[in-house]
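The structure appears below as structure tokens.
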Amino acid sequence: MTQTPSARFLIVGPQGSGKGTQGVLVAEAFGVPQVATGDIFRENVKGGTELGKRVQAIIEAGDLVPDELTSELVRDRLEQEDAARGFLLDGYPRNRGQVDDLEAFLSGRGESLDAVIELVVPREESITRLRQRAIDQGRTDDTEEVIANRLAIYERETAPILDVYREKDVVVRIDGVGTLDEVTERIFAALATRGLEPNGSDAHGRSAGAA
Ligand code: AMP
């Protein structure tokens, strides 16, 4: 029944890897907020806020919102009370500049990421899932052309940030192909091997011994 003292996570994977869904499950189990920059931007676009107006065209093209704006948004969010013991970042950092911003922010508070969950999904599989999501959710950035742009940016700018975290030995590499439950179980088992377990209750029936 030991409580993990801190649970600062980042989930990384290509669009369509299921990281949004898995990220919510991990965040819920550990009792920390999920902070997904894409969701925050989309809410602002929908709500017609100043921020929304600034980022709308960028998001629709599948390009990246400038680092300064994105990093400030995340810092503001992580300074809120509910993120004091931990958080799960989804979709940020997305390039080296953002990694530097995040690391500067965290180290200024004497903190660091406890685990970076890397969801590995082959490109073809991501594309298939994104096409399905386009049908299911009607997201304006799930068109063929924009999907290709977003995946290219992922491969060029986001995937390399994993090297930074590999050096810090915090990356857990998860095979993202399988059913939702299978992938969830892999994630919890891998976190458990690093001593990272949800508060007392084993929400997913996993224990360190099962890994
Ligand atoms: P996502 O839902 O994570 O795929 O994000 C949707 C869109 O929001 C991206 O295609 C970008 O335009 C923008 N976005 C989300 N997170 C970031 C970030 N960390 N840096 C820059 N742009 C972002």
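- Annotation: the span from Glu79 atom CD to Phe105 atom CZ amounts to 4.5 Å, rounded to 0.5 Å.
- Both Ile40 and Val12 are assigned to one and the same hydrophobic cluster, defined by single-linkage of ILVMFWY side chains at heavy-atom distances under 4.5 Å.
- Note that CG of Leu73 and CG of Leu78 are 9.5 Å apart. Values are rounded to the nearest 0.5 Å.
- Rounded to the nearest 0.5 angstrom, Asp90 CG and Lys19 NZ are separated by 4.0 Å.
- Annotation for Glu72: atom CD does not count as buried by contact number, only 12 or fewer foreign heavy atoms lying within 6.0 Å.
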Handout entry: From CA spacing to verdict: side chain to side chain contact (heavy atoms under 4.5 Å, CB included), Gln80, Arg77
Key = CA-CA 6 Å; Gln80 287 172 33; Arg77 180 65 190 85; 3.4 Å; yes

### Task
Could you walk me through whether Leu51 and Leu69 pass the side chain to side chain contact (heavy atoms under 4.5 Å, CB included) test, one step at a time?
CA-CA 9 Å; Leu51 174 66; Leu69 188 62; 4.0 Å; yes

Exercise for the section: Would you please test Asp39 and Arg42 for salt bridge (Lys or Arg N to Asp or Glu O under 4.0 Å) and show each step? Expected result: CA-CA 5 Å; Asp39 289 348; Arg42 272 187 296 278; 2.8 Å; yes

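- Thr37 places a side-chain N or O within 3.5 Å of a backbone atom of Gly91 that can act as its donor or acceptor partner.
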(request) Before giving the answer on side chain to side chain contact (heavy atoms under 4.5 Å, CB included), spell out for Leu119 and Ile187 the whole-Å C-alpha distance, their side-chain angles and the decisive distance to 0.1 Å. (result) CA-CA 9 Å; Leu119 271 189; Ile187 294 174; 4.3 Å; yes

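- The shortest distance between side-chain heavy atoms of Val26 and Ile11 does not fall below 4.5 Å.
- Across Asp101 and Asp67, no two heavy atoms sit closer than the pair OD2-O, 4.2 Å.
- Other residues, nucleotides and ligands contribute more than 12 heavy atoms inside 6.0 Å of the CD atom of Glu155.
- Note on Glu157 versus Arg96: no salt bridge recorded, every NZ/NE/NH1/NH2 to OD/OE distance being 4.0 Å or above.
- A continuous path of ILVMFWY side-chain contacts below 4.5 Å connects Val32 to Leu191, so both sit in one hydrophobic cluster.
- Annotation for Val121 and Glu125: closest pair CG1-CG, 3.4 Å, computed over non-hydrogen atoms.
- Within a 6.0 Å radius of CZ in Arg54, no more than 12 heavy atoms belonging to other residues, nucleotides or ligands are found.
- Arg156 is not listed as a side-chain neighbour of Asn95, based on a closest heavy-atom distance of 4.5 Å or more.
- Between Gln15 atom CD and Arg139 atom CZ the span is 8.5 Å, to the nearest 0.5 Å.
- Hydrophobic clustering, with ILVMFWY side chains joined whenever heavy atoms are under 4.5 angstrom apart, keeps Val120 apart from Ile174.
- Distance alone, capped at 3.5 Å, is enough to place a donor-acceptor pair between the Asn149 side chain and the Ala61 backbone.
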- Begin with the C-alpha distance, continue with both residues' side-chain angles, and end with the deciding distance and a verdict on side chain to side chain contact (heavy atoms under 4.5 Å, CB included) for Leu102 and Gln98. CA-CA 6 Å; Leu102 176 67; Gln98 295 180 8; over 6 Å; no

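- At distances below 3.5 Å, at least one donor-acceptor pair connects side-chain atoms of Arg186 with backbone N or O atoms of Asp175.
- Summarising the geometry, atom CD belonging to Gln34 is positioned 9.5 Å from atom CG belonging to Leu89; distances are rounded to the nearest 0.5 Å.
- Distance check: Leu25 CG to Gln22 CD gives 5.5 Å after rounding to the nearest 0.5 Å.
- For the pair Pro160 and Tyr154, the tightest heavy-atom approach, listed with the atom from each and the gap, is CD-O, 4.3 Å.
- Judged purely by atom type and a 3.5 angstrom limit, Thr158 uses its side chain to pair as donor or acceptor with the backbone of Arg94.
- Note: the hydrophobic cluster containing Leu10 also contains Val65 (ILVMFWY, side chain heavy atoms under 4.5 Å, direct or indirect links).
- Across Asp114 and Leu196, no two heavy atoms sit closer than the pair O-CD1, 3.9 Å.
- Aromatic ring orientation, Phe9 versus Phe30: perpendicular (interplanar angle above 60°, classes split at 30° and 60°).
- Of the possible donor and acceptor atoms, none in the side chain of Gln137 sits under 3.5 Å from a partner among the backbone N and O of Gln132.
- Looking at Val74 and Pro93, their side chains never come closer than 4.5 Å, going by heavy atoms from C-beta outward.
- Looking at every heavy atom in both residues, Pro122 comes nearest to Val177 through CD-CG2, 3.6 Å.
- Among all heavy-atom pairs drawn from Asp141 and Ile59, the shortest one is CB-O, 3.6 Å.
- In the hydrophobic clustering of ILVMFWY residues, with side-chain heavy atoms under 4.5 Å counting as a link, Ile117 and Tyr165 come out apart.
- Taking 4.0 Å as the cut-off between side-chain N and carboxylate O, Asp163 and Arg166 count as a salt-bridged pair.
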